[in-house]
S.K.: 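Sharing a structure here in structure tokens format.
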Amino acid sequence: MSKEYSNYIKGVAILLMVCLHIFRSETEVATLGNLFMIEGVPLVMYLRRMCNPVPFFLIVSGYGLYSVYSKWGGVKPLKRIVNLYVHLWLIYLIFVPLGSWVKPEFYPGSVASFIENATSWRCSYIGEQWFFFPYILLMLASKWIFKLFSRLRSYWVVIISIAVYALTVFVLKRYGEATLAGNMLFYNIFLAFYMLFPFALGYLAKREQWMEKLSEMFSAGGLKHNWIIIGLIILVCMGRCFVSHQAIDPFYTFAFVMLFSMLTIGEKAGGVLSFLGKYSMAIWLIHPWICIRLFHQFVYDLHYPVVMYLFVLLTSIAISQLVEAVYKQIDKRVLKRII
């Protein structure tokens, strides 16, 4: 999978993420206009089941980090981590002051609360940031993960990763996030283990050349046509829409990514997805402030799902452009001189 296709997948993932976070509550969604219903349930509530973006990003990350590791013999995550934090802090410079005006009872809170959120140690400002710190832990540990996995056959990597994933899902169901978050050191490390399975699938896809092998199989069978692959992707997505259990997300996502990697993407569609992929990190950290934390009621007052979605997405993109422009200046004048 090329870097170009990795960006495409991140572009798809961010489109799904925005949908997931806008249409969170069936009760609220039921008040909207122009809804398609299935047995009294809004269609969008089924569609959001296929919208968990985290496994998409983890599969792409596992694939990409192992590509770097296998090419250069190591992974140097410092630049990536600084990149993440600088983007986060720039977004905070916009939304924390805005939050102190819109919801002064919540933002900025105590100094300790601000520091916890700015480091992503505890995510009370926007819960959707939970992925941030455990992902950094995963990046920091990736070199040793790859060394360990390189000694194992692929089926053992899958078995171990599934076992770890199943255990973490069981613990989450048994004790709940609130209980586990009582000890943030444990909880952040725990979440890194929870995220290991899709990360390992991305690693294996690169190590074992699964995407290339699948493409060869489809070509040999005369099945490598966009309309066939799109049909299979739709079937995979429909299957996820009608299975409510979130634990299957890594399997669904891996099937989606494997099939998507065989698509021939046109120039226009590729340009849009590549653009969204490029700004996906900023959009991910921006849109919850708009559609959940600060302007939730305004978004729902727009009343029509398509209008709501476009408003949140386009506003997030516009702000991400500003953030990226400032980041480029910081990177040029400061970061490149010290990293």
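In this text the structure is predicted, and so the values were computed from the model without any measurement.
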S.K.: Side chain to side chain contact (heavy atoms under 4.5 Å, CB included) between V257 and M211: does it pass, once the steps are laid out?
M.R.: CA-CA 9 Å; V257 170; M211 292 173 182; 3.6 Å; yes

S.K.: Is there side-chain contact between T264 and K224, with at least one heavy-atom pair below 4.5 Å?
M.R.: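 In short, these two side chains do not touch, never coming nearer than 4.5 Å.
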
S.K.: Taking a hydrophobic cluster as the set of Ile, Leu, Val, Met, Phe, Trp and Tyr residues connected by side-chain heavy atoms closer than 4.5 Å, whether directly or through intermediates, do I292 and F298 fall within one such cluster?
M.R.: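 Hydrophobic grouping puts I292 apart from F298.
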
S.K.: In Å, rounded to the nearest 0.5 Å, how long is the span from CG of N117 to CZ of F132?
M.R.: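 Rounded to the nearest 0.5 Å, the CG-CZ separation comes out at 11.5 Å.
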
S.K.: Does F56 have its ring centroid less than 6.0 Å away from the ring centroid of F256?
M.R.: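 Yes, the ring of F56 comes within the 6.0 Å limit of the ring of F256, centre to centre.
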
S.K.: How far does SG of C291 sit from CZ of F295, to the nearest 0.5 angstrom?
M.R.: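 The distance works out to 11.5 Å.
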
S.K.: Is there side-chain contact between F251 and F197, with at least one heavy-atom pair below 4.5 Å?
M.R.: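 When only atoms from C-beta onward are counted, F197 and F251 do touch, with a gap below 4.5 Å.
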
S.K.: Count the heavy atoms belonging to other residues, nucleotides or ligands that lie under 6.0 Å from CE of M184, then report whether that count exceeds 12.
M.R.: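 Enclosed: over 12 neighbouring heavy atoms sit under 6.0 Å from CE of M184.
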
S.K.: Can you tell if the side chain of F199 reaches within under 4.5 Å of the side chain of S142, non-hydrogen atoms only?
M.R.: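 Answer yes - side chains close enough.
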
S.K.: Minimum heavy-atom separation for Q246 to R240, with atom names?
M.R.: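 Closest approach of Q246 to R240, heavy atoms only: CA-NH2, 3.5 Å.
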
S.K.: Backbone N or O of Y66 within a donor-acceptor pair of the K71 side chain at under 3.5 Å?
M.R.: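 Not at all, since once roles are kept as given, no pair shorter than 3.5 Å links the two residues.
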
S.K.: Does any pair with a residue in residues 40-59 pass side chain to side chain donor-acceptor pair (under 3.5 Å), and if so which ones, sequence neighbours excluded?
M.R.: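 Every pair satisfying side chain to side chain donor-acceptor pair (under 3.5 Å) with a residue in residues 40-59: N52-D249.
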
S.K.: Please test V326 against Q329 for side chain to side chain contact (heavy atoms under 4.5 Å, CB included), starting from the C-alpha separation and ending with a verdict.
M.R.: CA-CA 5 Å; V326 176; Q329 292 302 312; 5.7 Å; no

S.K.: Can you list everything that forms a side chain to side chain contact (heavy atoms under 4.5 Å, CB included) with L167? Sequence neighbours excluded, please.
M.R.: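 Applying side chain to side chain contact (heavy atoms under 4.5 Å, CB included) to L167 gives V171.
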
S.K.: Measure the shortest side-chain to side-chain distance between Y304 and L32 over non-hydrogen atoms and say whether it is less than 4.5 angstrom.
M.R.: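 Y304 vs L32: side chains apart.
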
S.K.: Same hydrophobic cluster for I330 and Y92, using side-chain heavy-atom links shorter than 4.5 Å among ILVMFWY?
M.R.: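 Yes, same cluster.
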
S.K.: Any chance you could measure E177, atom CD, to L191, atom CG, to the nearest 0.5 Å?
M.R.: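 E177 CD to L191 CG: 7.5 Å, rounded to 0.5 Å.
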
S.K.: Taking side chain as C-beta onward, heavy atoms only, is R207 less than 4.5 Å from S154?
M.R.: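 Contact flag for R207/S154 side chains = yes.
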
S.K.: Tell me whether W144 is reachable from L196 by hopping between hydrophobic residues (I, L, V, M, F, W, Y) whose side-chain heavy atoms are closer than 4.5 Å.
M.R.: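 No, it is not one cluster - the side chains of L196 and W144 are not joined through contacts under 4.5 Å.
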
S.K.: Closest heavy-atom contact between L16 and C51?
M.R.: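 That closest heavy-atom pairing would be O-CB, 3.3 Å.
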
S.K.: Any pair with a residue in residues 157-171 that passes side chain to side chain donor-acceptor pair (under 3.5 Å), sequence neighbours left out, goes on the list, sorted by first then second residue, please.
M.R.: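 For residues 157-171, and leaving out neighbouring residues, there are no side chain to side chain donor-acceptor pair (under 3.5 Å) pairs at all.
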
S.K.: Test side chain to side chain contact (heavy atoms under 4.5 Å, CB included) on T315 and W289 and set out the steps.
M.R.: CA-CA 11 Å; T315 304; W289 288 100; over 6 Å; no

S.K.: Can you give me every donor-acceptor pair (side chain of residues 103-114, partner residue at least two apart or in another chain, under 3.5 Å) with its distance?
M.R.:
unit_1 : atom_1 : unit_2 : atom_2 : d
K103   : NZ     : R293   : O      : 2.7
Y107   : OH     : Y125   : O      : 3.0
S110   : OG     : S113   : N      : 3.0

S.K.: Between F260 and Y5, how do the two ring planes meet: parallel, tilted or perpendicular, split at 30° and 60°?
M.R.: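 Plane angle over 60°, so perpendicular.
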
S.K.: Using the test salt bridge (Lys or Arg N to Asp or Glu O under 4.0 Å), find all partners of R80 that sit at least two apart in sequence or belong to another chain.
M.R.: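 If we apply the salt bridge (Lys or Arg N to Asp or Glu O under 4.0 Å) test to R80, skipping adjacent residues, there are no hits.
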
S.K.: Is there a side-chain contact between P305 and F23, using heavy atoms and a 4.5 Å cut-off?
M.R.: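 Yes, side chains in contact.
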
S.K.: Between E28 and H296, does any side-chain donor sit less than 3.5 Å from a side-chain acceptor?
M.R.: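 Yes, side-chain donor-acceptor contact under 3.5 Å.
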
S.K.: Please check this pair: side chain of T31 against backbone of T27, looking for a donor-acceptor N/O pair closer than 3.5 Å.
M.R.: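 Pair absent, no side-chain N/O of T31 close to backbone of T27.
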
S.K.: Output the distance between atom CD1 (I81) and atom CZ (F133), rounded to the nearest 0.5 Å.
M.R.: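 If I round to the nearest 0.5 Å, the distance is 9.0 Å.
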
S.K.: Are the aromatic rings of Y327 and W89 close, with centres under 6.0 Å apart?
M.R.: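 No; W89 has its ring centre 6.0 Å or more from that of Y327.
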
S.K.: What are the two closest non-hydrogen atoms of C19 and Y309, and how far apart are they?
M.R.: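 Minimum heavy-atom contact is N-CE1, 3.5 Å.
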
S.K.: Count I, L, V, M, F, W, Y as connected when their side-chain heavy atoms are under 4.5 Å apart, and connections chain through other members. Are F95 and I115 then in the same cluster?
M.R.: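 F95 and I115: separate clusters.
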
S.K.: What closest approach, in Å, do S316 and I290 show between heavy atoms, and which atom pair accounts for it?
M.R.: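 It is OG-CD1, 3.7 Å.
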
S.K.: Taking all non-hydrogen atoms of both residues into account, name the closest pair between C241 and L47 and its distance.
M.R.: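 Shortest heavy-atom separation between C241 and L47 comes out as SG-CA, 3.9 Å.
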
S.K.: Check the angle between the aromatic planes of F275 and Y279 and answer parallel, tilted or perpendicular using the 30° and 60° thresholds.
M.R.: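 Geometry flag for Y279 against F275: tilted rings.
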
S.K.: Find out whether K79 and D331 are in side-chain contact, i.e. whether some heavy atom of one side chain is under 4.5 Å from a heavy atom of the other.
M.R.: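 SC-SC contact between K79 and D331 confirmed.
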
S.K.: Run E128 and H287 through side chain to side chain contact (heavy atoms under 4.5 Å, CB included) and show every step you take.
M.R.: CA-CA 10 Å; E128 296 71 24; H287 80 276; 5.6 Å; no

S.K.: Please give me the minimum heavy-atom distance between Y135 and L58, naming the atom from each residue.
M.R.: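 Distance-wise, the nearest heavy atoms are CD1-CD2, 4.1 Å.
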
S.K.: Would you call P53 and L20 a side-chain contact if the rule is heavy atoms closer than 4.5 Å?
M.R.: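 The answer is yes; the side chains approach within 4.5 Å.
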
S.K.: How long is the straight-line distance from OG of S320 back to CD1 of I91, given to the nearest 0.5 Å?
M.R.: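 Here the rounded value is 8.5 Å.
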
S.K.: Listed by chain and number, what are the ring pair (Phe, Tyr, Trp, His ring centres under 6.0 Å) partners of F149, not counting sequence neighbours?
M.R.: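 Expected list: Y203.
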
S.K.: Look up atom CE in M139 and atom CG in L65, then write down how far apart they are to the nearest 0.5 Å.
M.R.: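 Reported to 0.5 Å precision, the distance equals 7.0 Å.
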
S.K.: Taking atom types as modelled, is there a side-chain donor on K206 or S70 under 3.5 Å from an acceptor on the other?
M.R.: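 No donor-acceptor contact under 3.5 Å links the two side chains.
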
